Amino acid sequence: MKTLNIYVVVNANTDLSGFKKVVESMSGLKVQYEADIEVAVNTITQQRFDLLVTDKNLAREESKKLHRLVDLLHPDAAWVDFVMADEMYINYKLNGLLAKWIDANGERKVNFTDNPHF
């Protein structure tokens, strides 16, 4: 199974225990955390990832800056904003995103039918 690479950018004062609890209960994820916006910008320009998770406690301008950069450099990456304390929503959303990602990146099955009338 492929691994979903997630880059999480949060406010330095945000408690990540709820988010980490959800992530640790799931398999197939590789998560990298960052609390410094400038380091996050540099990382986004240098590394590839599949999902950007941003903290809703980030300053609005910082969040916009990250989203514009991701749109420009990683147009195929998804992003989502979370309230990091909302474990139920994070669990629901990450499971849905992971299922869609696995489906999109899984092996394709092609059926050939030898019936010209089909």
Side-chain angles (χ1 to χ4, degrees):
M1 179 168 129
K2 289 186 176 183
T3 302
L4 177 65
N5 294 309
I6 302 175
Y7 192 55
V8 181
V9 183
V10 297
N11 184 302
N13 299 322
T14 298
D15 178 18
L16 286 171
S17 59
F19 183 84
K20 287 182 177 181
K21 181 179 172 184
V22 171
V23 168
E24 289 168 1
S25 71
M26 301 172 73
S27 62
L29 304 178
K30 178 183 172 195
V31 184
Q32 183 178 347
Y33 299 93
E34 185 55 58
D36 183 328
I37 193 71
E38 295 307 318
V39 173
V41 167
N42 289 336
T43 301
I44 289 170
T45 60
Q46 297 172 5
Q47 293 182 12
R48 189 194 167 289
F49 57 90
D50 304 303
L51 175 63
L52 172 67
V53 175
T54 53
D55 180 4
K56 283 202 175 186
N57 289 328
L58 281 177
R60 185 170 172 84
E61 288 304 313
E62 291 177 343
S63 183
K64 280 180 154 179
K65 182 179 185 179
L66 290 174
H67 287 194
R68 278 188 239 124
L69 189 60
V70 168
D71 276 344
L72 181 66
L73 298 176
H74 306 284
D76 58 333
W79 78 70
V80 64
D81 294 319
F82 284 140
V83 173
M84 294 298 176
D86 192 351
E87 288 180 42
M88 287 179 54
Y89 181 73
I90 292 169
N91 188 36
Y92 166 76
K93 193 68 172 180
L94 279 182
N95 276 305
L97 289 168
L98 182 59
K100 288 179 183 177
W101 185 82
I102 288 171
D103 187 46
N105 290 288
E107 291 186 31
R108 303 285 185 242
K109 181 179 176 184
V110 178
N111 293 325
F112 292 98
T113 306
D114 192 25
N115 183 349
H117 302 292
F118 192 64

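All values reported here derive from a predicted model rather than from experimental measurement.
Of the inter-residue distances, the one linking Leu58 atom CG with Lys64 atom NZ reads 14.0 Å to the nearest 0.5 angstrom. Put simply, CG on Leu66 and CG on Leu52 are 6.0 Å apart, with the number rounded to the nearest 0.5 Å. A distance of 10.0 Å separates CG in Asn11 from CG in Leu16, rounded to the nearest 0.5 Å.
Val31 is connected to Leu97 through a chain of hydrophobic side-chain contacts under 4.5 Å among Ile, Leu, Val, Met, Phe, Trp and Tyr, so both are in one cluster. Residues Met84 and Leu98 share a single hydrophobic cluster, defined by chaining ILVMFWY side chains whose heavy atoms lie under 4.5 Å apart. Following chains of ILVMFWY side-chain contacts shorter than 4.5 Å, one can reach Tyr89 starting from Val23, so the two form part of one hydrophobic cluster.
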Stepwise side chain to side chain contact (heavy atoms under 4.5 Å, CB included) check, Ile6 with Leu4: CA-CA 6 Å; Ile6 302 175; Leu4 177 65; 4.0 Å; yes
Intermediate values then yes/no, salt bridge (charged side-chain N to carboxylate O under 4.0 Å, His left out), Lys65 and Glu38: CA-CA 10 Å; Lys65 182 179 185 179; Glu38 295 307 318; 3.2 Å; yes
Residue pair Tyr7, Thr43: steps toward the side chain to side chain contact (heavy atoms under 4.5 Å, CB included) verdict: CA-CA 9 Å; Tyr7 192 55; Thr43 301; 3.3 Å; yes
Audit row: Ile90, Val83, side chain to side chain contact (heavy atoms under 4.5 Å, CB included) steps and yes/no: CA-CA 8 Å; Ile90 292 169; Val83 173; over 6 Å; no
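In this structure, Lys30 is not positioned above the aromatic face of Phe49 in the sense of NZ or CZ being under 6.0 Å from the six-membered ring centre and within 45° of the axis.
A tilted orientation is assigned to the rings of Trp79 and His67, their planes being inclined by 30° to 60°.
Side-chain contact between Arg48 and Asp76 is present, with at least one heavy-atom pair separated by less than 4.5 Å. Under the 4.5 Å side-chain criterion, counting only non-hydrogen atoms from C-beta, Leu51 is not in contact with Trp101. Taking the side chain as every heavy atom from C-beta outward, Val70 and Ile44 approach each other to under 4.5 Å. Counting heavy atoms from C-beta outward, Thr3 and Leu29 have side chains that stay 4.5 Å or more apart. Residues Lys93 and Val80 form a side-chain contact, since some pair of their non-hydrogen atoms from C-beta on lies under 4.5 Å apart. A 4.5 Å side-chain heavy-atom check between Val8 and Asp55 finds every atom pair outside the cut-off. With contacts defined as side-chain heavy-atom distances shorter than 4.5 Å, the pair Leu94/Met26 qualifies.
Ala35 and Ala12 make their closest contact through CB-CA, 4.0 Å (heavy atoms, listed as atom of the first residue, atom of the second, distance). Nearest heavy-atom pair across Ala40 and Val9 is CB-CG2, 3.8 Å.
Looking only at distances, no side-chain donor or acceptor of Thr14 sits under 3.5 Å from a matching main-chain atom of Val10. Thr45 contributes a side-chain N or O that, together with a main-chain N or O of Asn42, makes up a donor-acceptor pair within less than 3.5 Å. Although no hydrogens or angles enter the test, the distance criterion places no donor-acceptor pair under 3.5 Å between the side chain of Asn91 and the main chain of Glu87. Asn5 places no side-chain N or O within 3.5 Å of a backbone atom of Asp50 that could act as its donor or acceptor partner. Between the side chain of His74 and the main chain of Gln47, a donor-acceptor pair closer than 3.5 Å is present.
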